[in-house]
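As a basis for the values below, the full set of heavy atoms in this structure was taken, side chains included, without hydrogen atoms, waters or symmetry mates. When a ligand or atom number is given, it counts from 1 through the structure's own listing order. Note that the structure is predicted; figures quoted are calculated from it, not measured.
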Amino acid sequence: MRREPDEAGQAAGPGHVAIIMDGNGRWAQMRGRPRLFGHHAGARRVREIVEACPENGVKYLTIFAFSTENWKRTQVEVSGLMKLFQRYITKEARALSDVGVRVRFIGDRVRLNDKLVELMDNLEILTAHNDLVHLTIALNYGGRDEVARATKRLAQDVALGTLDPETIDEETLPRYLDTYVLPDPDLVIRTSGEARISNFLLWQSAYAEYEFIDTLWPDFTAEEFGRLARKYGARDRRFGAVKA
Ligand code: FPP
């Protein structure tokens with residue numbers, strides 16, 4: 001939805017931007033470095049983009065950090081990424097909290113190690129009072145997996161008798177998704193030149209606008225983010241209706 005400046009003076013723009021941060025591996029390979037070098041560079045990009053949100057009218061930013069399919073990568077890369085997430089949360093927690101960022105995580109936590117889950121829980125609690133920018137980090141997240149887990153809980157409520165199947169409509173399932181407190185994304189950006197959505201926010205992005213850009217994630221800047229936000233602002237979204 002196109003947004004006007006709100007009472008807090010937030011500029012008009014895509015209220016919720018979701019980003020598929022792709023291209024870390026190629027960025028590292030181009031420099032003759034291991035893939036994890038690219039992931040570390042990618043992690044350093046995140047803060048600049050989060051900080052650029054308010055001036056671009058972005059209240060919600062959701063980033064794809066690790067997918068349910070990423071476990072298929074080498075053990076070295078997977079364990080390096082898990083360590084990176086732990087370090088990122090430990091190091092960035094205070095800084096994100098101090099600049100007014102509320103952090104949430106989506107995805108299935110069951111397969112993540114206990115220490116990481118504890119850090120995620122603590123960061124959610126630490127930042128729960130913040131409201132300037134809502135940063136959601138998708139970790140062990142897959143859209144199909146999310147819908148399957150949601151359906152399981154929905155079916156349990158039916159079995160318990162707390163949900164009448166006759167009342168199920170398209171407003172019902174989102175209440176069971178990991179994103180139940182978030183608005184749907186207005187704009188989905190994928191870096192690195194690939195035009196795929198790779199199982200990201202499948203249900204939620206039904207009406208999102210998409211931007212597939214060539215920049216590799218570690219080279220993505222606040223300036224480019226701002227350009228895409230302004231381009232979004234000039235678009236005409238009709239949600240299947242005709243123009244009035
Ligand atoms: C895709 O690039 C990126 C990932 C699978 C990991 C994303 C992680 C980060 C950006 C860093 C950590 C983020 C946080 C929030 C701490 P790729 O490896 O598929 O790149 P390639 O397509 O060039 O191989």
Is a salt bridge present between E124 and R109, judged by a nitrogen-to-oxygen distance below 4.0 Å?
yes
Out of all atoms in ligand 1, which are within 4.0 Å of some heavy atom of R26? Include the element for each.
21 (P), 22 (O), 23 (O)
Quick one, L216 with N24, criterion side chain to side chain contact (heavy atoms under 4.5 Å, CB included). Give me CA distance, side-chain angles, the key distance, then yes/no.
CA-CA 7 Å; L216 303 176; N24 297 344; over 6 Å; no
Got the closest protein heavy atom to atom 20 (O) of ligand 1, with its distance?
G25 N, 3.0 Å
NZ/NE/NH1/NH2 to OD/OE distance under 4.0 Å, R153 and D157:
no
Give a yes or no on whether a salt bridge exists between E51 and R47, defined as a side-chain N under 4.0 angstrom from a carboxylate O.
yes
Suppose we measure from atom 3 (C) of ligand 1 to each protein heavy atom; which comes out shortest, and what is that distance?
M21 O, 3.2 Å
Measure the distance from atom 15 (C) of ligand 1 to every protein heavy atom, then report the residue, atom name and distance (to 0.1 Å) of the closest one.
I63 CD1, 3.8 Å
For residues 97-108, run the donor-acceptor check on the side chains, cut-off 3.5 Å, and write out each pair with its distance to 0.1 Å, sequence neighbours left out.
from, atom 1, to, atom 2, distance (Å)
R102, NH1, A128, O, 3.2
R104, NH1, H134, ND1, 2.9
D108, OD1, V110, N, 3.1

What protein heavy atom sits nearest atom 16 (C) of ligand 1, and how far off is it?
Y88 CG, 3.3 Å
Applying a 4.0 Å heavy-atom criterion (strictly less than), which segment of H40 is in contact with ligand 1: side chain, backbone, both, or neither?
neither
Counting non-hydrogen protein atoms only, what is the nearest one to atom 9 (C) of ligand 1? Give residue, atom name and distance.
N24 ND2, 3.5 Å
Just distances here: any N/O of D22 and N/O of ligand 1 closer than 3.5 Å?
yes
What I want to know is whether A43 and ligand 1 share at least one N or O pair that is separated by under 3.5 angstrom.
no
Using a strict 4.0 Å cut-off to heavy atoms of F85, name the atoms of ligand 1 that fall inside it.
12 (C), 16 (C)
Out of E92, H39, R45, R87, whose heavy atom is nearest to atom 4 (C) of ligand 1?
H39
Are the side chains of W217 and I49 in contact, using a 4.5 Å heavy-atom criterion?
yes
Within residues 62-91 or reaching into it, pairs that qualify as ring-ring contact (aromatic ring centres under 6.0 Å, His included) - sequence neighbours excluded
F64-Y141, F64-F200, F66-W71
Ligand-side contact atoms (ligand 1) for residue partner N70, heavy atom cut-off under 4.0 Å:
5 (C)
Is it the case that R35 and T74 place a side-chain donor and acceptor less than 3.5 Å from each other?
no
Looking at R26 and S192, what are the two nearest heavy atoms and their distance?
NH2-OG, 2.8 Å
Among all protein non-hydrogen atoms, which one is nearest to atom 6 (C) of ligand 1, and what is the separation to 0.1 Å?
A65 O, 3.3 Å
Answer yes or no: is there a side-chain heavy-atom contact under 4.5 Å between W27 and D219?
yes
If we only count N/O pairs under 3.5 Å, is R73 in contact with ligand 1?
yes
Counting each atom of ligand 1 from 1 as listed, which ones have a heavy atom of W217 under 4.0 Å away?
10 (C)
